[in-house]
Amino acid sequence: IRAKHVTGVQTCALPISDTILNQGTSLLSFGGDHFITYPLLRAHHKVHGAISLIHFDAHSDTWDDDGKRMDHGSMFLRAAREGIVIPEKSVQIGIRTQNYCTHGFNILHAPWVHTHGVQAVIDAIHDLVSLDDPVYITFDIDCLDPAFAPGTGTPVVGGLSTTQVLPMIQSLGDLNLIGMDIVEVAPSYDNAEITSLAAATLGYNYLCLLALKKGAKEIGRASCRERG
């Protein structure tokens with residue numbers, strides 16, 4: 001998003017988000033540019049207070065913010081400085097580009113994930129985030145390796161697979177989930193629609209978590225066999 005459009009994006013997204021969230025709902029958003037997460041976080045913060053952010057990405061998006069720069073590379077540092085998110089209770093997963101300062105965020109770099117495995121990530125998230133903390137999930141599709149999500153603007157090799165991230169998302173049902181977005185999906189860069197499929201599946205899994213919280217019963221394999 002160009003600088004001149006930043007104000008416009010916030011002006012459009014914030015009131016729409018406010019209207020939806022004020023009805024006691026959870027917001028699932030899909031998008032292109034990751035900057036959309038900033039006004040979404042502002043809207044959720046109005047309702048829920050300071051947020052624990054679970055951030056899947058190849059990039060930290062916490063580049064230096066001089067108070068003027070505002071884009072998809074700096075918005076999470078701005079959100080932290082404004083008290084919208086709590087860095088020490090937030091987790092960034094799949095990062096594999098350089099940023100010399102963590103700004104207090106807990107980072108599980110992609111090589112660490114590959115070495116330690118999915119369960120270690122799940123354990124780390126639950127060690128850092130309390131069950132009553134308001135949790136917002138933001139998933140930049142370039143967290144996935146380009147083999148699984150080529151349709152994005154800034155692909156980085158060495159990323160996570162869909163096999164790795166799906167159980168991570170599925171493990172978050174015991175947390176206080178308040179919203180999720182899935183961003184940086186650019187179908188025009190993908191000749192087989194696998195990026196869109198990955199994004200849709202992630203969103204579907206989030207909706208399933210909400211359904212389970214509302215009392216939906218999970219149908220296991222045995223039940224499926226019994227149904228014939």
Side-chain angles (χ1 to χ4, degrees), residues 6-7 9-31 33-57 59-95 99 101-109 121-140 143 168-169 171-183 202-203 206-207 209-210 213:
V6 166
T7 301
V9 170
Q10 296 193 70
T11 301
C12 292
L14 195 55
I16 295 172
S17 302
D18 288 342
T19 299
I20 296 172
L21 293 174
N22 287 336
Q23 299 178 54
T25 59
S26 177
L27 189 58
L28 172 61
S29 308
F30 290 88
D33 197 288
H34 205 163
F35 177 75
I36 193 65
T37 304
Y38 176 72
L40 293 175
L41 285 173
R42 289 182 61 196
H44 284 79
H45 178 259
K46 289 181 183 180
V47 177
H48 300 283
I51 294 166
S52 292
L53 185 68
I54 299 180
H55 174 203
F56 292 85
D57 207 322
H59 315 85
S60 67
D61 297 341
T62 55
W63 295 102
D64 288 340
D65 177 6
D66 60 4
K68 297 179 181 179
R69 173 181 176 173
M70 175 62 83
D71 56 35
H72 66 185
S74 64
M75 75 263 183
F76 292 140
L77 180 55
R78 177 72 65 90
R81 287 176 172 172
E82 292 178 345
I84 296 171
V85 301
I86 308 171
E88 60 269 24
K89 287 198 166 189
S90 299
V91 189
Q92 296 182 310
I93 302 160
I95 308 298
N99 188 340
C101 184
T102 68
H103 298 288
F105 285 86
N106 300 283
I107 301 178
L108 306 180
H109 293 91
V121 174
I122 294 171
D123 292 342
I125 293 172
H126 285 81
D127 287 343
L128 293 164
V129 180
S130 301
L131 296 181
D132 57 350
D133 292 335
V135 173
Y136 187 92
I137 305 168
T138 182
F139 199 109
D140 186 324
C143 176
M168 295 177 194
I169 297 293
S171 76
L172 305 179
D174 58 339
L175 300 180
N176 179 20
L177 303 175
I178 62 171
M180 179 180 187
D181 63 57
I182 303 162
V183 296
L202 290 166
Y206 176 73
L207 293 177
L209 294 180
L210 299 187
K213 283 179 174 291

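As a basis for the values below, the full set of heavy atoms in this structure was taken, side chains included, without hydrogen atoms, waters or symmetry mates.
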If you round to the nearest 0.5 Å, how far is CG of Asp127 from CG of Asn106? 10.5 Å
To the nearest 0.5 Å, atom NE2 of His45 lies from atom CG of Leu40 at 14.5 Å
Just do the side-chain contact (heavy atoms from CB on, under 4.5 Å) check on Leu14 and Lys46 with the steps written out, would you? CA-CA 11 Å; Leu14 195 55; Lys46 289 181 183 180; 4.0 Å; yes
Determine whether Ile178 and Val47 make a side-chain contact, defined as any pair of heavy atoms from C-beta on separated by less than 4.5 Å. no
CG/Leu172 to CD1/Ile125 distance, rounded to the nearest 0.5 angstrom? 5.5 Å
Which heavy atom in Ile36 sits nearest to a heavy atom in Ala13, and how many Å separate them? CD1-CB, 3.7 Å
Sorted by chain and number, sequence neighbours left out, salt bridge (Lys or Arg N to Asp or Glu O under 4.0 Å) with Asp123 holds for none
CG/Asp140 to CD1/Ile93 distance, rounded to the nearest 0.5 angstrom? 13.0 Å
Contacts of type ring-ring contact (aromatic ring centres under 6.0 Å, His included), residue Phe139, not counting sequence neighbours: Phe56
Quick note, side-chain hydrogen bond (donor to acceptor under 3.5 Å, both in side chains) partners involving residues 172-183, not counting sequence neighbours, are Thr37-Asp181, His126-Asp174, Tyr136-Asp181, Thr138-Asp181
To the nearest 0.5 Å, what is the distance between OG1 (Thr102) and CG (Leu77)? 10.5 Å
Heavy-atom pair with the smallest gap, counting every atom of Ser60 and Asn99: OG-ND2, 2.9 Å
Heavy-atom check, side chain of Ile84 versus side chain of Met75, under 4.5 Å: no
Least distance between heavy atoms, Ile182 atom then Gly203 atom: CD1-N, 3.3 Å
Quick check for you: to the nearest 0.5 Å, what is the distance between Leu21 atom CG and Ile16 atom CD1? 11.5 Å
Residue set satisfying side-chain hydrogen bond (donor to acceptor under 3.5 Å, both in side chains) with Ser17, at least two apart, ordered chain then number -> none
Could you check whether any side-chain heavy atom of Phe76 comes within less than 4.5 Å of a side-chain heavy atom of His59, counting everything from C-beta outward? no
Residues in side-chain hydrogen bond (donor to acceptor under 3.5 Å, both in side chains) with His55, at least two apart? Asp57, Gln92
Partner set under side-chain hydrogen bond (donor to acceptor under 3.5 Å, both in side chains) for Lys213, not counting sequence neighbours: none
If I compare all heavy atoms of Tyr206 with all of Ser26, which pair ends up nearest, and what's the gap? OH-OG, 2.6 Å
For His44 and Gly179, the nearest pair of non-hydrogen atoms, with its separation, is NE2-CA, 3.9 Å
Side chain to side chain, Val135 and Ile51, heavy atoms closer than 4.5 Å: no
Pro87 to Ala80 - nearest heavy-atom pair and separation: CG-CB, 3.7 Å
Report the C-alpha distance between Asp133 and Ile86 in whole Å, list the side-chain angles of each, state the deciding distance to 0.1 Å, and finish with yes or no for side-chain contact (heavy atoms from CB on, under 4.5 Å). CA-CA 10 Å; Asp133 292 335; Ile86 308 171; over 6 Å; no
